[in-house]
A.B. asks: 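Structure below; questions to follow.
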Amino acid sequence: MNGIHLTLPDGSVREAPEGTTPREIAKSIGPGLARAALAARVDGAIVDLDRPLRRDASFAILTDRDPDALDVLRHSAAHILATAVRELFPRAAIGFGPPIEDGFYYDFEVERPFTPDDLEAIERKMAEVAEKDYPFLREEVSRDEANRRFRDDPLKLERIADLGDDETISIYTDGPFVDLCRGPHVPSTGRLKHFKLLSAAAAYWRGDSRRQMLQRIYGTAWFKKEDLAAYTHRLEEAKRRDHRKLGRELDLFLFHPVSPGSAFWTDKGTTLYRVINDYIRELQQRHGYLEIKTPLLYNKALWETSGHWGKYRENMFLVLDSETGEHDMSLKPMNCPSHHVLYGLGRHSYRELPIRYSTFDVLHRNEVTGALSGLTRVRQFQQDDCHIYLMPSQIAGEVRHVAEMILEVYRTFGLTATMKFATRPEVRIGDDAMWDRAEADLRAALEATGMPYDLKPGDGAFYGPKIDFDVGDSIGRKWQLGTIQLDYAAPERFDMLYVGEDNTEHRPVVIHRAMCGSFERFIAILIEHFAGAFPLWLSPEQVRVLPISDQQAEAARRVHQGLRDAGIRSVLDAGSQTLNYRIRDAEMAKVPYMAVVGQREAEAGTVAVRTRGAGSKQDVIPVGEFVTRLGESIRARALEL
RNA sequence: GCUGACGUAGCUCAACUGGCAGAGCACCGGUUUUGUAAACCGGCGGUUGAGGGUUCGAUUCCCUCCGUCAGCUCCA
């Protein structure tokens with residue numbers, strides 16, 4: 001018997017003749033499955049339904065319920081996009097067209113960029129291609145054959161030339177369109193039902209800024225109509241929460257062409273900034289961090305020592321030294337080297353370690369204009385950046401401590417985090433023994449947190465392994481914020497030392513650590529996470545006191561002053577506008593609480609409290625109780641009102 | 001930096017193929033004294049991002065620069 005054995009997901013084993021296709025297996029299991037089948041997973045690899053099976057393997061039919069099937073659909077959607085573009089623009093040269101998170105794209109070399117009207121026409125044509133239900137046919141061809149088939153497609157020829165001799169060259173055909181492609185694909189174009197083209201923009205061929213720009217069309221595709229609707233809703237929601245829009249509406253910060261990429265913070269924005277900074281400062285103080293301040297301006301000697309003067313100089317703001325006439329001074333783009341200098345200025349005992357330096361100074365980086373974006377990519381910012389100097393034996397304990405601290409910060413802001421463990425890259429310094437130890441220490445610390453993490457082999461810094469923290473916000477987007485990096489290079493470059501128990505000099509290790517990343521970016525994320533409706537402790541304005549009429553102006557003023565005396569950020573709105581008007585104004589400013597003072601309240605020493613978002617439901621309580629309640633919420637840094 | 005789009009009052013947006021720059025909100029003044037999401041009346045507000053060009057005439061067409069946005073590159 002020369003059959004092959006396929007182990008199905010339920011553990012059962014099916015025997016089939018060699019060369020059987022997944023489609024045939026699906027049919028033999030049931031007609032329903034055969035209809036739903038999109039592709040198959042064979043020993044973990046995803047293949048077309050018509051790919052003959054040659055060996056014993058684990059085997060599963062992919063249907064639209066399998067998350068991996070979405071990638072297959074989107075990859076096929078990219079081909080359908082290219083099919084449509086070729087129909088409408090026969091001279092378009094084709095680049096790459098992969099699936100990406102939430103969708104797909106395809107790159108084309110065309111005579112003029114695509115317009116929004118083009119996109120509409122292409123989208124309609126895609127629907128036609130789907131309607132025709134062309135099967136996706138796979139062929140494996142020789143190099144000569146591939147070169148012949150794509151002789152009019154220079155970009156594809158370049159790709160073919162890059163393929164190794166041992167690689168199979170496969171091409172896929174759907175109706176009129178033929179593409180060089182590894183696959184797999186859904187059985188036919190008709191499987192694409194719920195899709196939408198999103199945008200067109202230029203992208204460098206092969207991601208290389210020295211090469212020509214192609215026109216890239218982005219699209220999204222889903223199995224279910226509801227999923228597509230949910231996705232477009234998510235895009236709208238993200239737009240509604242855009243921190244640039246909310247920053248202006250809530251009067252937090254502004255930008256002006258006199259200083260591109262640097263924010264003007266209003267009083268409210270400055271308050272928010274300060275509250276976050278105060279929290280981080282207090283937390284660090286509790287954990288034994290030492291806050292220091294170092295110069296903003298340095299001559300090039302520092303950057304030569306740190307290694308930044310070479311390649312990184314173009315990102316630094318250089319300052320003209322009027323005596324030398326040279327631009328050999330620079331504003332600091334990061335704190336690390338200055339911390340190392342301060343460490344090196346003293347003689348340190350092993351008894352002092354770990355030494356944890358923290359600085360909130362202003363940093364400047366000369367980002368290229370095209371990279372600037374709201375608060376997420378700025379030229380001037382502040383970091384909650386720290387450097388910890390310690391003995392190798394202290395790494396495990398310290399990393400665990402730092403990881404817990406970072407997770408505590410995210411919890412405090414209601415953000416969820418996942419961790420990535422990045423290990424030794426190809427190009428690195430230090431011997432294998434050092435890396436073995438560093439990775440083991442870092443991993444042990446990571447496991448001690450009990451949190452799940454992803455492994456990113458080869459993704460570490462050249463000077464040591466690291467842990468990155470990805471934070472998820474309220475609409476499911478991911479942001480890389482925190483990082484813990486072990487650094488074995490800086491101690492050498494800066495000739496750092498400590499005196500050990502044995503009274504001889506040793507090299508410490510440095511841990512680079514950030515929790516929020518930059519306050520600017522962190523605030524952008526918080527604005528979008530909370531959609532501008534901050535918890536009480538973060539709100540720039542915590543209470544708005546509203547007298548109903550002039551009669552209660554004095555009583556309201558006393559309530560307002562009482563709140564202020566208790567350290568609560570209160571604003572008194574005793575304007576001549578109607579109460580309705582003033583309530584609407586405060587509601588739109590997303591103030592957490594309104595304290596309404598009318599005749600009854602003034603006489604009883606109470607306030608009618610209206611909570612943000614709770615509508616007209618009010619809670620009449622004594623002023624003292626209101627103040628106490630707010631104080632407790634603020635101290636607890638409560639997330640809910 | 002690259003490709004493309006965009007830039008009109010503090011904000012959101014109008015102004016037909018080149019023909020008198022306009023509205024709402026905000027702001028200011030007056031009236032109103034209000035019980036939980038917009039009272040009423042009046043007023044101020046513009047070198048249409050900047051500079052140049054074409055034209056009898058430019059917010060509109062062309063060029064340069066600045067800025068913003070999307071994507072790419074970059075994010076040490």
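Computed from heavy atoms alone, side chains included, the values below leave out hydrogens, waters and symmetry copies.
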A.B. asks: CG of A:Leu198 versus P of B:A5: gap in Å, rounded?
C.D. replies: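 Atom CG in A:Leu198 sits about 20 Å away from atom P in B:A5.
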A.B. asks: Under a 3.5 Å cut-off for both distances, is B:G35 Watson-Crick or wobble paired, and to whom?
C.D. replies: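 With both distances under 3.5 Å required, B:G35 matches none.
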A.B. asks: Starting at CG of A:Leu214 and ending at C1' of B:U73, how long is that distance when rounded to a whole Å?
C.D. replies: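 Going from CG in A:Leu214 over to C1' in B:U73 covers 13 Å.
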A.B. asks: Under 4.0 Å between a Lys/Arg side-chain N and an Asp/Glu carboxylate O for A:Arg206 and A:Asp162?
C.D. replies: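 Salt bridge flag = yes for A:Asp162 with A:Arg206.
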A.B. asks: Could you work out the separation of B:C28 and B:A9 based on their C1' atoms and round it to a whole Å?
C.D. replies: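 Those two atoms are separated by 15 Å.
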A.B. asks: Going by atom types alone, do A:Gln212 and A:Tyr204 pair a side-chain donor with an acceptor below 3.5 Å?
C.D. replies: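 Result is no, nothing qualifies.
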A.B. asks: Using the C1' atom on both, measure B:C41 against B:A58 and round to a whole Å.
C.D. replies: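 Those two atoms are separated by 38 Å.
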A.B. asks: Have a look at A:Gly517 and say if it touches a base, only the backbone sugar-phosphate, or nothing, with a 4.0 Å heavy-atom cut-off.
C.D. replies: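 Touches nothing.
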A.B. asks: Using atom CZ of A:Arg582 as one end and atom P of B:A26 as the other, report the distance to the nearest whole Å.
C.D. replies: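 Distance check: A:Arg582 CZ to B:A26 P gives 14 Å.
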A.B. asks: Return yes if the base of B:G35 and the side-chain atoms of A:Glu601 contain a donor-acceptor N/O pair under 3.5 Å, otherwise no.
C.D. replies: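 Result: at least one qualifying N/O pair found.
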A.B. asks: Check whether any side-chain N or O of A:Thr578 sits under 4.0 Å from OP1 or OP2 of B:A39, and answer yes or no.
C.D. replies: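 Checking A:Thr578 against B:A39: at least one side-chain N or O falls below 4.0 Å of OP1 or OP2.
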A.B. asks: Between B:G67, B:C72, B:A39, which one does the side chain of A:Met213 approach most closely?
C.D. replies: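 Per side-chain heavy atoms of A:Met213, the pick is B:C72.
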A.B. asks: CG of A:Leu546 versus C1' of B:A38: gap in Å, rounded?
C.D. replies: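 These atoms are roughly 15 Å apart.
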A.B. asks: Heavy atoms under 4.0 Å, any strand shown: does A:Thr115 hit a base, just sugar-phosphate, or nothing?
C.D. replies: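 No contact.
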A.B. asks: Checking all strands, does A:Glu249 fall into the base, sugar-phosphate, or nothing category for heavy-atom contacts under 4.0 angstrom?
C.D. replies: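 Nothing, no heavy atom under 4.0 Å.
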A.B. asks: Using atom OH of A:Tyr581 as one end and atom C1' of B:U34 as the other, report the distance to the nearest whole Å.
C.D. replies: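 That distance rounds to 15 Å.
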A.B. asks: Have a look at A:Arg513 and tell me which of A:Asp384, A:Asp385, A:Val399, A:Thr483 forms a side-chain contact (heavy atoms from CB on, under 4.5 Å) with it.
C.D. replies: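 Of all the options given, the one that passes is A:Asp384.
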A.B. asks: Using a 4.0 Å heavy-atom cut-off, does A:Arg248 contact any base of the nucleic acid, only the sugar-phosphate backbone, or nothing at all?
C.D. replies: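 The answer is sugar-phosphate, as A:Arg248 gets under 4.0 Å only of primed atoms, P, OP1 or OP2.
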A.B. asks: Between A:Asn366 (CG) and B:G1 (C1'), how many Å, whole number?
C.D. replies: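 Answer to the nearest Å: 11 Å.
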A.B. asks: Tell me if the side-chain of A:Asp550 makes a donor-acceptor pair with the base of B:U33, cut-off 3.5 Å, by modelled atom types.
C.D. replies: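 Counting by modelled atom types and ignoring angles, a donor-acceptor contact under 3.5 Å is found here.
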A.B. asks: Describe, in one word, how the ring planes of A:Phe317 and A:His364 are oriented to each other, choosing from parallel (under 30°), tilted (30 to 60°) and perpendicular (over 60°).
C.D. replies: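 Taking A:His364 first and then A:Phe317, their aromatic rings stand perpendicular (interplane angle over 60°).
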A.B. asks: Using the C1' atom in both, what is the distance from B:C63 to B:C44, to the nearest Å?
C.D. replies: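 Going atom to atom, C1' in each nucleotide, I get 37 Å.
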A.B. asks: When the ring centroid of A:Tyr389 is compared with that of A:Tyr343, is the distance short of 6.0 Å?
C.D. replies: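 A:Tyr389 vs A:Tyr343: aromatic centres under 6.0 Å.
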A.B. asks: Which value, in whole Å, describes the distance between the P atoms of nucleotides B:G45 and B:A21?
C.D. replies: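 To the nearest whole Å, 16 Å.
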A.B. asks: Any donor-acceptor pair, under 3.5 Å, between the side chain of A:Arg211 and the base of B:C2, if you only look at N and O atoms?
C.D. replies: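 By the distance-only test, no, there is no pair.
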A.B. asks: Mind checking if A:Ala202 touches a base, just sugar-phosphate, or nothing, with heavy atoms under 4.0 Å?
C.D. replies: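 It contacts base atoms.
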A.B. asks: Would you classify A:Pro333 as touching base, sugar-phosphate or nothing, given that sugar-phosphate means primed atoms plus P, OP1 and OP2, and contacts are heavy atoms under 4.0 Å?
C.D. replies: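 Here A:Pro333 touches the bases of the nucleic acid.
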A.B. asks: Find the partner of B:C16: check Watson-Crick (N1-N3 plus N6-O4 or O6-N4) and G-U wobble (N1-O2, O6-N3) distances, both under 3.5 Å, and reply none if neither fits.
C.D. replies: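 For B:C16, the partner nucleotide comes out as none, under the 3.5 Å rule.
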A.B. asks: Of the listed nucleotides (B:G35, B:U73, B:U3), which one gets closest to any side-chain atom of A:Ala371?
C.D. replies: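 Selected nucleotide (nearest to the side chain): B:U73.
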A.B. asks: Checking A:Arg558 now: which residues fulfil salt bridge (Lys or Arg N to Asp or Glu O under 4.0 Å) with it, not counting sequence neighbours?
C.D. replies: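 A:Arg558 satisfies salt bridge (Lys or Arg N to Asp or Glu O under 4.0 Å) with A:Glu554 only.
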A.B. asks: Categorize A:Gly307 for me: base, sugar-phosphate, or nothing, with a 4.0 angstrom heavy-atom threshold over every strand shown.
C.D. replies: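 The answer is nothing, as A:Gly307 stays clear of every strand by at least 4.0 Å.
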A.B. asks: Once you round it to whole Å, what is the distance between P of B:G71 and CZ of A:Phe114?
C.D. replies: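 Roughly 18 Å, once rounded to whole Å.
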A.B. asks: Please figure out whether A:Gly261 or A:Gln383 has its closest RNA chain B nucleotide nearer the 5' end.
C.D. replies: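 Result of the comparison: A:Gly261.
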A.B. asks: Which part of the nucleic acid, if any, lies within reach of A:Ala461 when heavy atoms closer than 4.0 Å are counted: base, sugar-phosphate only, or nothing?
C.D. replies: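 If one applies the 4.0 Å heavy-atom cut-off, A:Ala461 turns out to touch nothing in the nucleic acid.
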A.B. asks: What integer number of Å spans the C1' atoms of B:A15 and B:G19?
C.D. replies: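 Per the computed distance, 12 Å lies between those C1' atoms.
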A.B. asks: Going by the side chain to side chain donor-acceptor pair (under 3.5 Å) test, name the single residue among A:His339, A:His387, A:Lys293 that passes it with A:Thr359.
C.D. replies: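 The residue from A:His339, A:His387, A:Lys293 that satisfies side chain to side chain donor-acceptor pair (under 3.5 Å) with A:Thr359 turns out to be A:His339.
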A.B. asks: Going by salt bridge (Lys or Arg N to Asp or Glu O under 4.0 Å), name the residues that satisfy it together with A:Asp328, two or more places apart in sequence or in a different chain.
C.D. replies: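 Once residues adjacent in sequence are excluded, A:Asp328 has no partner under the salt bridge (Lys or Arg N to Asp or Glu O under 4.0 Å) criterion.
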A.B. asks: Has A:Arg244 got a side-chain N or O lying under 4.0 Å from the OP1 or OP2 atom of B:A70?
C.D. replies: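 Yes, A:Arg244 has a side-chain N/O under 4.0 Å of OP1/OP2 on B:A70.
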A.B. asks: Of A:Arg584 and A:Ser576, whose closest RNA chain B nucleotide lies nearer the 5' terminus?
C.D. replies: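 Checking each residue's closest nucleotide, the 5'-ward one belongs to A:Ser576.
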A.B. asks: Determine the interatomic distance between C1' on B:C16 and the same-named atom on B:C75; round to the nearest Å.
C.D. replies: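 Looking at atom C1' only, B:C16 and B:C75 are 47 Å apart.
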A.B. asks: Any strand counts, and the cut-off is 3.5 Å on both contacts for Watson-Crick or G-U wobble. Which nucleotide pairs with B:A21?
C.D. replies: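 When the pairing criteria are applied, nothing turns out to pair with B:A21, so the answer is none.
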A.B. asks: For a quick check of understanding: with a heavy-atom distance under 4.0 Å over all strands, which category does A:Ser209 fall into, base, sugar-phosphate or nothing?
C.D. replies: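 Sugar-phosphate: the residue A:Ser209, judged by heavy atoms under 4.0 Å, touches backbone atoms but no base.
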A.B. asks: Could you identify the nucleotide paired to B:A58, looking across every strand shown and requiring Watson-Crick or G-U wobble geometry with both distances under 3.5 Å?
C.D. replies: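 Check on B:A58: unpaired, no WC or wobble geometry under 3.5 Å.
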A.B. asks: Using a heavy-atom cut-off of 4.0 Å across all strands, would you classify A:Met594 as base, sugar-phosphate, or nothing?
C.D. replies: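 It contacts nothing in the nucleic acid.
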A.B. asks: Give me the distance, rounded to whole Å, that separates B:U59 from B:G7 when you measure between the C1' atoms they each carry.
C.D. replies: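 Pairwise C1' distance, B:U59 against B:G7, rounds to 11 Å.
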A.B. asks: What nucleic acid atoms does A:Gln551 come within less than 4.0 Å of, heavy atoms only: base, sugar-phosphate, or nothing?
C.D. replies: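 Since no nucleic acid heavy atom lies under 4.0 Å of A:Gln551, the category is nothing.
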A.B. asks: Atom CD1 of A:Ile100 to atom P of B:G71: distance rounded to whole Å?
C.D. replies: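 Spelled out: CD1 on A:Ile100 to P on B:G71 is 10 Å.
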A.B. asks: Looking at A:Thr369, I'd like to know whether one of its side-chain N or O atoms comes within less than 4.0 Å of OP1 or OP2 on B:G1.
C.D. replies: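 Yes, such a contact exists.
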A.B. asks: I'd like to know if A:Tyr204 reaches the base of B:G1 with its side chain such that a donor and an acceptor end up less than 3.5 angstrom apart.
C.D. replies: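 Yes.
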A.B. asks: Decide yes or no, distance alone: a donor-acceptor N/O pair under 3.5 angstrom between the base of B:A37 and the side-chain of A:Arg610.
C.D. replies: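 By the distance-only test, yes, there is a pair.
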A.B. asks: Find the partner of B:G51: check Watson-Crick (N1-N3 plus N6-O4 or O6-N4) and G-U wobble (N1-O2, O6-N3) distances, both under 3.5 Å, and reply none if neither fits.
C.D. replies: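 Base-paired to B:C63.
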A.B. asks: Tell me the partner of B:G71, counting only Watson-Crick (N1-N3 plus N6-O4 or O6-N4) or G-U wobble (N1-O2 and O6-N3) with both under 3.5 Å; none if nothing fits.
C.D. replies: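 In the structure as shown, B:G71 has B:C2 as its Watson-Crick or wobble partner.
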A.B. asks: Taking the six-membered ring for Trp, is the centroid-to-centroid distance between A:Tyr273 and A:Phe253 below 6.0 Å?
C.D. replies: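 They do not qualify: ring centres at least 6.0 Å apart.
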A.B. asks: Only pairs with both distances under 3.5 Å count, Watson-Crick or wobble alike; so what is the partner of B:C28 in this structure?
C.D. replies: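 Looking at the geometry, B:C28 pairs with B:G42.
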A.B. asks: Please state the C1' separation for the pair B:G4 and B:U8 - nearest whole angstrom.
C.D. replies: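 Going atom to atom, C1' in each nucleotide, I get 22 Å.
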